[in-house]
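Here the structure is laid out as structure tokens; the discussion comes afterwards.
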Amino acid sequence: MTLKLRCDDYGFECKFILDGEKTVGTIEKLRNHFEEEHGIDYTIEAVTQMITNRGHSLESIRK
Ligand SMILES: [Zn+2]
């Protein structure tokens, strides 16, 4: 399963799109992007919640 995450879906005016496997690593990449590009240090839990709030199902996520 893959996951496509668009930064502008999360409230930023940003063209960053992350396309990856549905794993914690992909969520971590988005988290790192928020920190490096936008200066916001979210926790993994917060980013995971944001992604599920966007309608992505993450219950089958691989650790
Ligand atoms: Zn961004």
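Remember, predicted model here, so these are calculated numbers, not experimental data. Every number for a ligand or one of its atoms is a count from 1 in the order of the listing.
Inter-residue side-chain proximity for C7 and K15 is flagged as unmet; no heavy-atom pair is nearer than 4.5 Å. L58 is listed as a side-chain neighbour of L3, based on a closest heavy-atom distance under 4.5 Å.
For L5 against L30, the heavy-atom pair with the smallest separation is CD1-CD2, 3.8 Å.
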task: For side-chain hydrogen bond (donor to acceptor under 3.5 Å, both in side chains), just list the numbers for N32 and E28, CA-CA rounded to whole Å, side-chain angles, deciding distance to a tenth of an Å, and then say yes or no.
output: CA-CA 6 Å; N32 291 342; E28 209 159 49; 5.7 Å; no
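In the hydrophobic clustering of ILVMFWY residues, with side-chain heavy atoms under 4.5 Å counting as a link, I17 and I27 come out apart.
Near the Zn ion (ligand 1), less than 2.8 Å away, sit the protein N, O or S atoms C7 SG, C14 SG, H33 NE2, H38 NE2.
In this structure, CZ in F16 is found 9.0 Å from CD in E36, a value given to the nearest 0.5 Å.
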